[in-house]
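Letters A, B, ... mirror the listed sequences (proteins, then strands); counts begin at 1. Bear in mind that the values here come from a model prediction, so they are computed numbers and not experimental data.
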Amino acid sequence: MQRALNVSRERFADWYQAVVRDADMAETSPVRGAMVIKPWGWGVWEQIQAELDRRIKATGHENCYFPLFIPLSFIAKEAEHVEGFAKEMAVVTHHRLKTIDGKLVPDPEAKLEEPLVVRPTSETIIGDAFSRWVRSHRDLPLLINQWANVVRWEMRPRLFLRTTEFLWQEGHTAHATAGEAVEETLKMLEVYRAFSEDVLAMPVIAGEKPENERFPGAVNTYSIEAMMQDGKALQAGTSHFLGTHFAEAQNIKFQNDAGGMDFCNTTSWGVSTRLIGGVIMTHGDDDGLRLPPAIAPRQIVVVPMLRDKPEDAEVLSYCENLVKALSGMTAFGQPVRVLLDTKQIKSAEKRWNWVRRGAPLIVEVGPRDAAGGNVTYMRRDDLRDGDKIKSIVKPRVDFVEGAVQLLTEIQAGLYADAKARLDANIKRDITSFDALAAYFGEDDGSFKGWVRAPWGKPSGAELEAVGAKLKTLKLTIRNAPGDQPAEFGTCIFSGNPGVEEILIGRAY
RNA sequence: CGGAGCGUAGCUCAGCCUGGUAGAGCAUUAGCUUUGGGAGCUAAGGGCCGUUGGUUCGAAUCCAGCCGCUCCGACCA
């Protein structure tokens with residue numbers, strides 16, 4: 001069968017790269033690990049940004065912007081933070097170039113007094129501002145978000161999933177009490193869960209990270225974890241309760257209502273362009289990308305079947321009217337995004353381009369449709385009947401009337417499929433480490449998702465040992481899901497009574 | 001940074017073993033034909049064969065260094 005992509009999901013890593021390329025999402029750049037995001041990929045990010053920004057503001061946060069460069073001494077203030085990020089930091093040491101022996105090099109005379117690091121995250125520089133902004137308990141809570149780029153010098157970059165430079169939003173908040181800060185941490189985790197499921201149609205499991213997977217400097221880290229079509233987990237967003245660690249390191253204090261001085265409790269939380277990688281690996285198929293309508297830069301693409309004949313004009317004006325009618329409608333709270341594709345290439349070529357890019361509805365209009373008042377359309381979420389493409393012919397008025405409903409159905413359908421896959425692939429009958437090793441250890445070609453099992457929640461050296469054991473199977477603890485049962489079986493690592501259930505899986 | 005593989009046209013790759021000045025398919029451009037759907041024919045454009053050096057009369061081909069990419073490790077809120 002002829003597919004729109006020349007590699008299938010059986011070779012998942014190759015398939016992923018093919019989708020990113022053939023769906024016009026992004027490409028590699030001359031800078032190792034840094035990507036060029038192309039218009040279609042950027043369009044997806046803009047939709048993600050716009051909707052998530054609304055939700056962040058709706059929960060009381062305000063946007064602002066902090067510098068890209070952070071003085072080295074700031075990073076050094078929080079001990080765990082330094083240790084966590086030291087190995088992946090880009091550092092600016094000079095402010096001028098000079099030609100020496102015919103080579104353009106950093107001018108030795110222009111060395112910075114104090115090196116600047118390119119932010120890997122902004123806790124320290126935002127914390128510095130917080131220490132000046134917070135004076136009284138009346139200044140709290142301080143609820144700030146910024147949309148920014150950050151740099152982490154990763155060993156093995158992968159487009160969207162782990163790039164040296166990536167785009168994200170990072171929320172930073174300060175509170176009077178630990179209770180309020182924890183509440184904020186969990187509130188934003190829930191914002192991420194709802195956003196991921198309702199907007200990206202990507203089901204996730206929200207929960208708490210084990211101690212050894214915490215954000216450097218955090219008291220607690222929470223995550224949402226999504227299951228990709230190869231069974232691996234993708235950490236799609238994190239929310240951290242930082243306690244007073246950063247406040248103490250950076251002197252973020254306030255005068256309480258009794259007149260005494262208290263350290264703030266702070267939080268931080270973020271999601272990144274990694275979400276786009278998650279969408280690709282959640283919804284893509286062997287014909288390319290399938291975009292949830294809520295984030296598709298174009299939800300409906302109209303392809304006129306032009307043949308360099310006089311009736312072309314009629315087809316075009318028919319299409320223009322169709323686009324106008326559709327554009328006036330509202331889906332997911334926003335005007336419907338429609339494109340009339342008039343590019344001077346073959347119509348069949350256009351169709352396949354939009355299939356690969358994952359436009360939710362592709363409408364084809366030929367002279368016969370125009371004459372009969374019809375449209376022919378394809379649903380990207382339900383593209384084929386066996387090998388054949390499913391083309392549906394409908395009266396134009398009916399299509400326009402039902403278009404929003406169709407988009408809603410596609411959104412719901414993509415979510416339902418992904419949700420069914422997630423639910424069906426969390427194995428709950430593993431009761432020992434040996435059974436775990438047997439399940440993940442042998443590669444029998446079957447789909448391996450995650451295991452959900454009880455554990456004793458060890459810490460320190462004992463937890464390190466558990467981590468090392470899991471590592472031999474390339475496994476990690478993803479999180480302890482928020483919804484826990486009333487009673488637990490025995491810990492699969494120690495055989496002692498369990499205290500919570502955790503998800504175990506391979507991860508990106 | 002360690003192990004393996006790869007780098008030839010926009011893309012996918014052949015040629016390399018056995019050195020003699022560059023190929024295919026798709027894509028692009030032009031013309032003609034075709035037209036309810038990823039069309040056909042003809043012609044054209046496009047490559048210092050990743051890079052630097054070595055061996056040689058001669059290197060895409062053999063050798064070495066470097067750079068980059070992919071996979072596996074290490075690393076990875």
Side-chain angles (χ1 to χ4, degrees), chain A residues 1-7 11-14 16-18 21-22 27-33 78 80-81 83-89 119-123 150 152-159 161-164 166 168 170-172 185 192 209 212-218 220-225 234-242 267-272 274 287-288 303-309 311-312 315 344-356 362-372 374-376 378 387-389 391 393 471-472 474 476 479 507-508:
Chain A
M1 177 188 358
Q2 195 167 17
R3 289 286 188 177
L5 231 53
N6 57 16
V7 51
R11 286 159 51 204
F12 203 74
D14 291 340
Y16 176 77
Q17 291 183 73
R21 187 187 65 224
D22 292 351
E27 60 187 30
T28 53
S29 76
V31 183
R32 185 192 141 75
E78 215 289 337
E80 287 182 33
H81 197 63
E83 199 185 330
F85 285 108
K87 280 173 284 186
E88 48 186 80
M89 212 84 91
R119 63 180 163 217
T121 177
S122 304
E123 274 75 7
V150 289
R152 296 181 190 178
W153 214 265
E154 300 286 358
M155 291 285 104
R156 250 207 3 235
R158 225 125 113 64
L159 291 179
L161 299 176
R162 191 182 300 109
T163 46
T164 302
F166 58 92
W168 75 348
E170 47 179 326
H172 296 272
T185 307
Y192 289 157
K209 284 278 181 189
N212 59 338
E213 302 271 346
R214 269 180 208 146
F215 175 73
N220 285 309
T221 286
Y222 299 84
S223 73
I224 52 171
E225 303 281 333
L234 184 74
Q235 179 173 295
T238 48
S239 186
H240 316 289
F241 168 54
L242 305 174
T267 80
S268 67
W269 27 273
V271 298
S272 72
R274 174 181 267 193
D287 286 306
V303 177
M305 311 304 289
L306 304 177
R307 302 188 298 176
D308 292 323
K309 294 262 171 74
E311 60 260 36
D312 280 5
V315 171
Q344 297 269 304
I345 58 171
K346 272 178 267 175
S347 308
E349 192 69 27
K350 286 186 213 176
R351 170 213 273 194
W352 290 107
N353 286 342
W354 290 114
V355 165
R356 276 184 281 267
I362 302 166
V363 180
E364 297 182 334
V365 176
R368 203 183 297 166
D369 293 313
N374 291 324
V375 300
T376 303
M378 282 158 284
D387 293 356
K388 275 177 55 187
I389 297 290
S391 282
V393 182
K471 199 170 179 178
T472 61
K474 297 186 211 170
T476 51
N479 67 26
Y508 275 97

Check your understanding: Considering every strand shown, what is the Watson-Crick or G-U wobble mate of B:G47 when both distances are under 3.5 Å?
Key -> none

Practice item. Would you check if A:Trp352 stacks with the base of B:G38, given a 5.5 Å centroid limit and a 30° plane limit, both strict? Key: yes

**Study point:** For B:A60, the Watson-Crick or wobble partner whose two distances fall under 3.5 Å
**Key:** none

Review point. Below 4.0 angstrom from OP1 or OP2 of B:A27, is there any side-chain N or O of A:Lys346?
Key: no

Exercise for review: For B:U18 versus B:U61, give the span between their P atoms, rounded off to a whole number of Å.
Suggested key: 14 Å

Check your understanding: For A:Gly270 and A:Gly366, take the nucleotide of RNA chain B holding the closest heavy atom to each; which residue's nucleotide lies nearer the 5' end?
Key -> A:Gly366

**Study point:** Partner nucleotide, any strand, of B:C32 [Watson-Crick/G-U, under 3.5 Å]
**Key:** B:G40

**Study point:** Atom-pair distance (CH2 on A:Trp153; C1' on B:A77), nearest Å
**Key:** 19 Å

Point to revise | Donor-acceptor pair under 3.5 Å, A:Arg152 side chain vs B:A77 base | key: yes

Review point. More 5' along RNA chain B: A:Ile345 or A:Ala370, using each one's nearest nucleotide?
Key: A:Ile345

Exercise for review: Would you check if A:Thr121 and A:Glu170 make a side-chain contact, meaning some heavy-atom pair closer than 4.5 Å?
Suggested key: yes

**Study point:** Side-chain heavy-atom pair A:Leu234, A:Arg274 within 4.5 angstrom cut-off
**Key:** yes

Review point. Separation of A:Leu306 atom CG from B:U34 atom C1', in whole Å?
Key: 16 Å

**Study point:** Presence of donor-acceptor pair under 3.5 Å, side chain of A:Gln235 and base of B:A77
**Key:** yes

Check your understanding: Do the non-hydrogen side-chain atoms of A:Glu154 and A:Thr163 ever get within less than 4.5 Å of each other?
Key -> no

Review point. How is A:Phe166 classified with respect to the nucleic acid when contacts are heavy atoms under 4.0 Å: base, sugar-phosphate, or nothing?
Key: base

Check your understanding: Is any side-chain N or O of A:Lys474 closer than 4.0 Å to OP1 or OP2 of B:C72?
Key -> no

Practice item. Find the distance A:Trp354:CH2 to B:G38:C1' and express it as a whole number of Å. Key: 17 Å

Practice item. Can you tell me, in whole Å, how much space there is between the C1' of B:C49 and that of B:U8? Key: 4 Å

Review point. Do A:Phe215 and A:His81 come within less than 4.5 Å of each other through their side chains, counting heavy atoms only?
Key: yes

Check your understanding: Is there a side-chain contact between A:Ile389 and A:Val355, using heavy atoms and a 4.5 Å cut-off?
Key -> no

Point to revise | Distance between C1' atoms of B:G3 and B:A14 (Å, rounded) | key: 28 Å

Check your understanding: Which nucleotide in the list B:C71, B:G38, B:C72 gets nearest to the side chain of A:Gln17?
Key -> B:C71

Review point. What nucleic acid atoms does A:Pro367 come within less than 4.0 Å of, heavy atoms only: base, sugar-phosphate, or nothing?
Key: base

Review point. Okay, side chain of A:Ser391, backbone of A:Thr376: is any donor-acceptor separation there less than 3.5 Å?
Key: no

Study note, to complete from the structure: Rounded to whole Å, CG of A:Asp22 lies from C1' of B:G10 at a distance of 13 Å

Review point. Between B:C76, B:A77, B:G37, which nucleotide gets closest to the side-chain atoms of A:Arg162?
Key: B:C76

Review point. Below 4.5 Å, heavy atoms only, C-beta onward: do A:Arg351 and A:Met378 meet side chain to side chain?
Key: yes

Revision key, fill the gap. pair_partner(B:G10), Watson-Crick or wobble, both distances < 3.5 Å, evaluates to B:C26

Check your understanding: Hey, are A:Ser268 and A:His172 close enough side-chain-wise for a donor-acceptor pair under 3.5 Å?
Key -> no

Review point. Expressed as a whole number of Å, how far does the C1' atom of B:A60 sit from that of B:U21?
Key: 11 Å

Check your understanding: What distance, rounded to whole Å, do you find between the two P atoms, one in B:C57 and one in B:C69?
Key -> 38 Å

**Study point:** Rounded P spacing from B:U51 to B:A22 in Å
**Key:** 16 Å

Point to revise | A:Leu5 CG - B:C11 C1' separation (whole Å) | key: 13 Å

Revision key, fill the gap. Picking from B:G38, B:A77, B:G37, the nucleotide nearest the side-chain atoms of A:Asp369 would be B:G37

Study note, to complete from the structure: The Watson-Crick or G-U wobble partner of B:U70, with both key distances under 3.5 Å, is B:A4

Exercise for review: Please work out if A:Thr376 contacts a base, only the sugar-phosphate, or nothing of the nucleic acid, heavy-atom cut-off 4.0 Å.
Suggested key: base

Revision key, fill the gap. Whole-Å distance, A:Asp14 CG to B:C6 P, equals 15 Å

Review point. A:Lys87 has an atom NZ; how far is it from atom C1' of B:C1, in whole Å?
Key: 13 Å

Check your understanding: Within the structure shown, what part of the strands sits under 4.0 Å from A:Trp168 by heavy-atom distance: base, sugar-phosphate, or nothing?
Key -> base

Practice item. Look at the side-chain N and O atoms of A:Arg21 and state whether any lies under 4.0 Å from the OP1 or OP2 oxygen of B:U12. Key: yes

Practice item. For B:G46 versus B:U56, give the span between their C1' atoms, rounded off to a whole number of Å. Key: 31 Å

Revision key, fill the gap. Among B:C75, B:A77, B:C71, the one nearest any side-chain atom of A:Ser272 is B:A77

Practice item. In whole angstrom, give the distance that lies between atom CD of A:Glu154 and atom P of B:A77. Key: 8 Å

Check your understanding: Is the shortest side-chain N/O distance from A:Arg156 to OP1 or OP2 of B:C72 below 4.0 Å?
Key -> yes

**Study point:** Out of B:A77, B:G37, B:C76, whichever nucleotide has its closest atom nearest the side chain of A:Glu364
**Key:** B:G37

Practice item. Write down the distance separating the C1' atoms in B:A4 and B:A9, rounded off to the nearest Å. Key: 28 Å

